[in-house]
Amino acid sequence: MRSSLVAGNWKMYGDSASIGKLMANLRAALPSEPGVDIAVFPPSVYIARVVEGMSGSPVAVGAQNVCEQAGEGAFTGEVSAGMLADAGCRYVIVGHSERRAMYQDSNERVAQKAKQALAQGLTPIVCVGETEGQRDNGATLEVIAEQLQSVFAVLSIEDMRSIVVAYEPVWAIGTGKTATPSQAQEVHAFIRALFAKKDEPLAKGLRILYGGSVKAANAGELFAQADIDGGLVGGASLDAQEFSAICRAAE
């Protein structure tokens, strides 16, 4: 049976004081033995501090991005998968819609980032999703299939057993809009079916998260869907009580 995962993407928010307070509040709000996997993704400059601050808690730490290049090299401003693992990360987000739109992360680059993460023992959370225009044009499933095709081209079946996929409709990120549970379930079921064409056991074990204005108020109904295995949470993850309530909804 698949275990649920709730991932809190802190994006480019916080400073030393606010992150220290958030970690203390998370420790107080979250149960010591939750029935769900939990991870948070701070800005890269605070990763080491959050790894230390959440040590001994049920909260794992991940990075919001990773370089697609292997090993070390003259890649100014980038951070390698090996560096992230060395800093204590267990997860990394690749292909978030903001990275795709603002920083030209192509499908091929996203797949390479996932490959480098896996090579260093990190679990990549591979994000896919359509814009509002693409949904309005009826192209949602076509867009998702194209984004995942690059992953299928680079990763082996065994590799894919160690990834997480996050469906994040771009039109629902930070907008207050949320896909209805049925809309989200339709896409999650489609994603699982794509993986099933590669390997049925792989598809059954694949964790697929929903991301897009997830809140405590809508989490329970979303997570009740058959193919939704947790959430990639944005703004609500910066509020310990709200994030804790989302985690409880996923249990």
Side-chain angles (χ1 to χ4, degrees), residues 2 5 7 9 64-66 68 92-118 123-157 159-214 218 221-223 225-234:
R2 299 184 301 271
L5 169 64
N9 179 12
Q64 299 175 19
N65 188 36
V66 65
E68 73 275 17
V92 62
I93 298 170
V94 299
H96 191 281
S97 63
E98 291 159 2
R99 298 291 317 175
R100 290 178 184 268
M102 291 187 278
Y103 302 101
Q104 292 74 56
D105 275 11
S106 65
N107 294 337
E108 293 74 21
R109 180 177 291 173
V110 170
Q112 288 297 329
K113 289 183 175 188
K115 182 178 180 179
Q116 295 308 323
L118 289 164
T123 298
I125 299 179
V126 181
C127 299
V128 297
E130 82 285 8
T131 65
E132 189 166 20
Q134 289 166 335
R135 173 166 280 275
D136 290 344
N137 290 330
T140 295
L141 302 185
E142 179 183 347
V143 169
I144 301 297
E146 184 178 350
Q147 290 170 336
L148 286 173
Q149 189 56 49
S150 295
V151 174
F152 296 151
V154 168
L155 301 185
S156 68
I157 296 297
D159 285 337
M160 288 188 282
R161 295 191 200 283
S162 299
I163 73 170
V164 175
V165 174
Y167 167 56
E168 43 159 30
V170 180
W171 48 271
I173 297 172
T175 64
K177 297 179 181 178
T178 308
T180 65
S182 61
Q183 285 175 325
Q185 168 59 23
E186 177 189 16
V187 178
H188 280 239
F190 174 74
I191 291 170
R192 201 173 303 284
L194 287 178
F195 279 86
K197 291 179 181 179
K198 301 295 179 182
D199 185 81
E200 189 70 34
L202 162 66
K204 288 182 178 179
L206 179 70
R207 293 196 286 187
I208 310 174
L209 313 183
Y210 173 77
S213 296
V214 177
N218 61 30
E221 194 172 5
L222 285 164
F223 298 164
Q225 303 303 306
D227 290 293
I228 299 181
D229 305 310
L232 178 58
V233 184

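Note that the structure is predicted; figures quoted are calculated from it, not measured. Numbers for residues simply follow the sequence, beginning at 1.
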- So, Gln225 side chain and Glu221 main chain: donor-acceptor pair closer than 3.5 Å or not? yes
- Note on the structure: On a heavy-atom basis, the closest approach of Tyr210 and Ala172 is OH-CB, 3.9 Å
- Criterion side-chain contact (heavy atoms from CB on, under 4.5 Å) on Val128 and Val151, from CA distance to verdict: CA-CA 11 Å; Val128 297; Val151 174; over 6 Å; no
- Item | Spacing of CZ belonging to Arg161 relative to CG belonging to Asp199, to within rounding of 0.5 Å | 4.5 Å
- Would you give the length of the straight line joining atom OG1 of Thr180 to atom CG of Leu222, rounded to the nearest 0.5 angstrom? 8.5 Å
- Query: If every non-hydrogen atom of Gly129 is compared with every non-hydrogen atom of Val143, which pair is closest and at what distance?
  - Reply: O-CG1, 3.9 Å
- Hey, are Gln185 and Asp227 close enough side-chain-wise for a donor-acceptor pair under 3.5 Å? yes
- Taking the side chain from Arg99 and the backbone from Val94, do they hold a donor-acceptor pair closer than 3.5 Å? no
- Query: Is there side-chain contact between Arg135 and Val187, with heavy atoms separated by less than 4.5 Å?
  - Reply: yes
- Task: State whether a side-chain donor-acceptor pair under 3.5 Å links His96 with Glu168.
- Result: yes
- Message: How close do Leu194 and Ala145 get, counting heavy atoms only, and between which atoms?
- Response: CD1-CA, 3.9 Å
- Side chains of Cys127 and Ile93: does their closest heavy-atom pair fall under 4.5 Å? yes
- Point-to-point distance, once rounded to the nearest 0.5 Å, from OG of Ser106 to CD of Gln147: 11.0 Å
- Message: Strictly distance-based, threshold 3.5 Å: is any side-chain N or O of Asp159 a donor or acceptor partner for the main-chain N or O of Ser156?
- Response: yes
- Are the side chain of Glu130 and the backbone N or O of Ile144 linked by a donor-acceptor pair below 3.5 Å? no
- Query: Is there a donor-acceptor contact under 3.5 Å from the side chain of Asp229 to the main chain of Val164?
  - Reply: no
- Should Leu148 and Phe190 count as side-chain neighbours, where that means a heavy-atom distance under 4.5 Å? no
- Query: What is the minimum heavy-atom distance between Pro169 and Gly211, and which atoms define it?
  - Reply: CD-O, 3.3 Å
- Message: Working to the nearest 0.5 angstrom, can you tell me the gap between Glu146 CD and Gln149 CD?
- Response: 9.5 Å
- Item | Between CG on residue Leu118 and OG1 on residue Thr123, distance to nearest 0.5 Å | 7.5 Å
- With side-chain contact (heavy atoms from CB on, under 4.5 Å) as the test, would you mind laying out the steps for Thr140 and Gln134 before giving the verdict? CA-CA 6 Å; Thr140 295; Gln134 289 166 335; 5.7 Å; no
- Task: Test Asn65 against Lys113 for side-chain contact (heavy atoms from CB on, under 4.5 Å), laying out the working first.
- Result: CA-CA 8 Å; Asn65 188 36; Lys113 289 183 175 188; 2.8 Å; yes
- Arg192 side-chain N/O to Ala203 backbone N/O, donor-acceptor pair under 3.5 Å: yes
- Smallest separation among heavy atoms of Gln183 and Ala179, with atom names: OE1-CA, 3.4 Å
- Under a 4.5 Å cut-off applied to non-hydrogen side-chain atoms, are Gln112 and Arg109 in contact? no
- Query: Could you give the distance from CG (Asn9) to CD (Gln64), rounded to the nearest 0.5 Å?
  - Reply: 4.5 Å
- Message: Tell me the closest heavy-atom pair linking Ser97 and Val170, and the distance in Å.
- Response: CB-CG2, 3.7 Å
